[in-house]
Colleague: 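Take a look at the following structure, please.
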Amino acid sequence: MAYRSSQHLWRQTYRTVFRSTNPNVLCPRLKSKSQLPIYSASTFVLQRFYGSKVGESGAATSVSSSLKQAEVAKFAAIAETWWDIEGPFKPLHAMNPTRVSFIRSTLCRHFRKDPNCARPLEGLKIIDVGCGGGILSEPLARLGATVTGIDAVEKNIRIARLHAGLDPSTSSIEYSCATAEQLVELNREFDAVIALEVIEHVANPSEFCQSLAALTAANGATVISTINRSMRAYAAAIVAAEYILRWLPRGTHQWSSFLTPEELVLLLQRASISVQEMAGFVYNPLTGKWALSDDVSVNFIALGAKQIHRKAL
Amino acid sequence: MVGMALACTLASMPLTKSLSIAIIDSNPALGSRKHIPNDSIPDPRVSTVTPATLSHFKDIGAWEYIKKHSHAFFDKMQVWDYTGLGYTRYNAKDVGREILGCVVENKVLQSSLLSRLQDAGVGERIYPAKLTSMSLQSHFPSAVDMLDIETSNYSSRTSGDPKRHGCLAKLDLSDGNTLYTKLVVGADGAKSSVRKIAGLKTTGWNYSQHAVICTVKHATENHCAWQRFLPSGPIALLPIGDTYSNIVWTMTPHEASNHKSMHEDDFVKAINHALDYGYGPHPHSNLGFIDKFSWLAGGAISSMKESFEVPPKIDQLVSERMAFPLSLMHAHEYASHRVVLIGDAAHAVHPLAGQGVNLGFGDAICLSNIIAEGILVGSDIGELSLLKKYEKERKMANLTMMAILDGFQKAFSVDLGPINLLRAAAFHGAQYIGPLKRNIISYATGEQKWPLFG
C-alpha cells in the first residue's frame with residue numbers, strides 16, 4: 001500500500017500555506033468560524049447527512065425546513081436501494097473494500113494490533129459518522145470492533161438496523177439518528193472516529209472537524225475521506241460520475257466545497273489532530289476495480305491521531 | 001477430497017483459521033482415523049497429483065501425512081497410439097525438475113487431509129449424513145416489511161436476537177440436524193446434490209465410453225507413466241509403488257462389461273496385448289538425425305534421445321476391476337448467493353490426462369484465497385460479489401483445460417487416414433520441438449497457468 005509520510009505532508013502544507021502570500025489560496029470556508037450563507041437549494045450542497053448546524057452558542061438550529069424536507073425526501077426515495085449491489089449505490093459498494101483495507105491496516109498500526117488475525121479491531125470502540133445504510137459499519141463490526149453508526153436521515157438508520165440484524169456478527173451495531181454535535185453534548189468518546197465522504201457536504205468543515213475531535217478519545221484516531229478540489233477531481237467526480245456515467249445524481253457534489261489534502265490537514269491540526277497517514281483511491285475503468293495509491297488528486301483518505309496538549313506550567 | 005483440501009487450506013491460513021467449518025459426508029471411512037497399512041495392495045481408485053498441487057500440500061502441511069503411506073513419483077512419460085506412426089516421450093529433466101507427478105490412492109489423500117485438519121485443532125465438526133434440503137433466504141427483505149418497524153429513539157441498540165438467523169442458509173441433514181451457515185461449499189462430486197438444490201444448471205455430454213480400472217503387478221519397478229491410444233480409447237499404466245501399477249482403460253460400454261467379467265488371466269493377456277503389439281505396430285525411433293539437428297531442437301533433448309520403449313509386462317491382476325461411465329460436464333455458474341461449487345461438482349473431465357482432480361484442487365486453493373481476501377475487508381463470505389471473483393478466476397482456466405482434453409478425446413477417437421497422419425505429425429512435433437514440449441510439460445504439471453502463452 002502506498003501513502004505519504006507525515007513529513008512529506010508537512011513539507012507540502014508548508015509550501016502551500018505558509019509560503020504563499022495570497023490570502024485567498026485557502027478555501028473561503030476556512031477563513032472564519034462564523035455561520036456562512038446557505039447555498040442555494042438547486043446546488044444540493046447543504047448537509048445531506050446533517051439536518052442542522054451548530055451555531056456559536058452550541059444550540060442546534062435547524063436549516064430552512066423546506067430545503068431539509070426536499071433533501072431528505074430525495075434521499076429517502078432511494079434509501080431502499082442502499083443494499084442493492086447493482087443499484088444507485090453500486091460505486092460505493094465497489095469502493096468499500098478499498099476503504100476498509102486502508103482503515104484496517106492504519107488502525108492496526110495506530111493501536112498496535114496484530115493485522116494477521118481475523119478480528120484485529122477487537123476491543124476498539126468505533127463511530128461511523130454519516131453511516132448511511134451501514135456499508136462501512138458492517139465490515140468494521142465483522143473485524144471485531146464495537147461499532148456505533150449515526151446518520152441524520154431517519155430512513156437510513158432504519159435500513160441500516162434492518163440489514164445489520166440479518167447477520168449475527170453485525171447485529172450488535174448501535175445505530176442512532178443523530179449528529180456528531182449531539183453526541184459531543186452527551187460526552188461520548190470513541191477510540192476511532194470515522195467520517196467518510198461526509199465533510200464535502202457539510203457547510204462548516206472547521207466546526208465539523210472540531211466535533212469529530214471532541215468525539216475522539218485521547219490517543220485515539222480520526223479517519224476522514226473526501227474528494228480533492230483539483231481539476232482532475234472536477235473531471236472525474238463531477239463531470240464523469242454525475243453527468244457521463246451517472247453514478248451519482250446531478251448536484252450531489254459541489255466542487256467549491258471540496259477540500260485539498262493540505263486544507264484538511266490544517267483543519268485537523270486546528271482541532272488538535274495530527275495527520276499521520278494519507279492515501280488516494282484510484283479507479284481503473286478497464287478492470288472496474290478501486291485501489292489504494294499515492295495519487296491523492298481525486299479521492300483521498302487520511303488518518304489523524306489525537307494530540308494531547310500539555311498545559312504550560 | 002477437494003472439499004477436505006479446502007478445509008485444510010482454510011485451517012492453515014491465519015485469517016481463516018477461526019472460521020467454524022462443518023463437513024457433511026456420508027462416507028463411512030471418514031469418521032475414524034484408521035491406519036492404512038503400508039504393505040497392503042494399492043486400491044484401484046487413485047489420482048495423479050501434479051507438482052503444483054504437491055507443493056500446495058507441502059504448504060498446508062498435508063504432505064507430512066501423505067508421505068507416510070505408499071505413493072509413487074514418476075519422472076518419465078510415454079504417449080503413443082495404435083497406428084505406430086509416432087510417439088512422444090516426456091522427461092522431468094526437460095524442464096529441470098525431478099518429477100512429473102505423483103500417484104496416490106484416493107483413500108490415502110482423504111485420510112491424510114482429514115488427519116491434518118484434525119491436528120490443526122480448528123474445531124471442525126463432521127456430520128456423517130446426507131443433505132436432504134437447503135433453503136437460502138433472499139438477501140434483503142422487501143420494502144413492505146420495513147414500513148412496520150417502529151422508529152426508536154437514537155440511543156437504542158439493534159435488538160440482535162441471536163436466534164434469528166436472518167439471511168443465513170439453512171441446511172437439513174438426513175440425521176435430523178439443522179445447520180445454519182454463511183457459505184455452503186458444494187464439493188460433492190459430479191452428481192452434486194448441492195448443485196441440484198441450488199438450481200445451478202450444467203452443460204455436458206456423455207462420452208459413450210467407460211473406464212475400467214484395476215491394480216496390476218509386474219516383475220520390474222516402474223517409474224514411467226505409459227499411455228497408448230487405441231481405437232476405442234486410451235489405456236494408461238501408472239506406477240503406484242514398488243512393482244504395482246494402476247490401469248485405466250477406456251473403452252466402449254459393451255467392451256467394458258466384457259472385460260470386467262472375463263477371467264483374470266484373459267484380462268491380463270488382454271492388457272499385455274493392448275500395451276504391446278495389439279491393434280498396431282510399434283513406432284520407430286528416429287534417433288539418427290537428432291544429433292545432427294540438436295541445435296535446432298532448442299533444448300529438452302534428454303527425452304528426445306530416448307528411444308521408444310515397450311511397457312513392462314503385466315504378471316497378474318491383484319485387485320477387483322471397476323468400471324465407470326465417462327462424461328464431460330460444466331456448470332454454467334459456479335456460484336449463487338451463499339452457495340459455491342468446487343471440484344467435480346463444477347466440472348467433470350475425461351481422465352486421459354490425469355487433470356480432473358488437479359483442477360479441483362486448483363479451485364480449492366483459489367476459493368480459500370478469495371475467502372481470506374473477503375475476511376480481510378470484513379465482508380460477508382457468502383456474498384455473491386465475492387464468490388463471483390472466484391468464478392471469474394477459475395472458470396476460464398477450467399474451460400481451457402476442458403476444451404483441450406475434449407479435443408484430444410475427439411482427435412483420438414477417429415480412425416481416418418489423414419487424421420492419423422495429423423496425429424503422427426503432432427506426436428513428432430511434441431517429441432522433437434523443444435519449446436513446445438517444455439510448454440506442454442509446464443502446463444500439464446500445473447506450473448504454467450495457460451497453454452502456449454504462459
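Reminder, nothing fancy here: chain letters follow the sequence lines and each chain counts from 1.
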Colleague: Roughly how far, to the nearest 0.5 Å, is the CD atom of A/E138 from the OG atom of B/S379?
Modeller: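 Taking OG in B/S379 and CD in A/E138, the distance rounds to 11.0 Å.
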
Colleague: Roughly how far, to the nearest 0.5 Å, is the NZ atom of B/K17 from the CG atom of A/N116?
Modeller: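 The NZ atom of B/K17 is 9.5 Å from CG of A/N116, to the nearest 0.5 Å.
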
Colleague: Please classify the contact of B/K182 with chain A as side chain, backbone, both or neither, using a heavy-atom distance under 4.5 Å.
Modeller: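 Contact with chain A: side chain only.
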
Colleague: At a heavy-atom separation under 4.5 Å, does A/S169 approach chain B through its side chain, its backbone, both, or neither?
Modeller: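 Side chain only.
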
Colleague: With a 6.0 Å cut-off (strictly less than), is the heavy-atom count around NZ of B/K392, excluding the residue itself, greater than 12?
Modeller: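 No, the 6.0 Å shell around NZ holds no more than 12 heavy atoms from other groups.
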
Colleague: Can you tell me how far the CG atom of B/D380 sits from the OG1 atom of A/T170, to the nearest 0.5 Å?
Modeller: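 Reported value, rounded in 0.5 Å steps: 8.5 Å.
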
Colleague: Rounded to the nearest 0.5 Å, what separation is found between the CD atom of B/E383 and the NE2 atom of A/H93?
Modeller: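 The CD atom of B/E383 sits 8.5 Å away from the NE2 atom of A/H93.
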
Colleague: Working to the nearest 0.5 Å, report the span between CG of B/L384 and CD of A/E86.
Modeller: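 Atom-to-atom, B/L384:CG and A/E86:CD are 9.0 Å apart.
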
Colleague: Taking A/R142 for its side chain and B/I375 for its backbone only, find out whether a donor-acceptor pair lies under 3.5 Å.
Modeller: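 A pair under 3.5 Å: no.
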
Colleague: For the residue pair B/V377 and A/R99, establish whether any side-chain heavy-atom pair is separated by less than 4.5 Å.
Modeller: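 A side-chain contact is absent here, since even the closest heavy-atom pair is not under 4.5 Å.
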
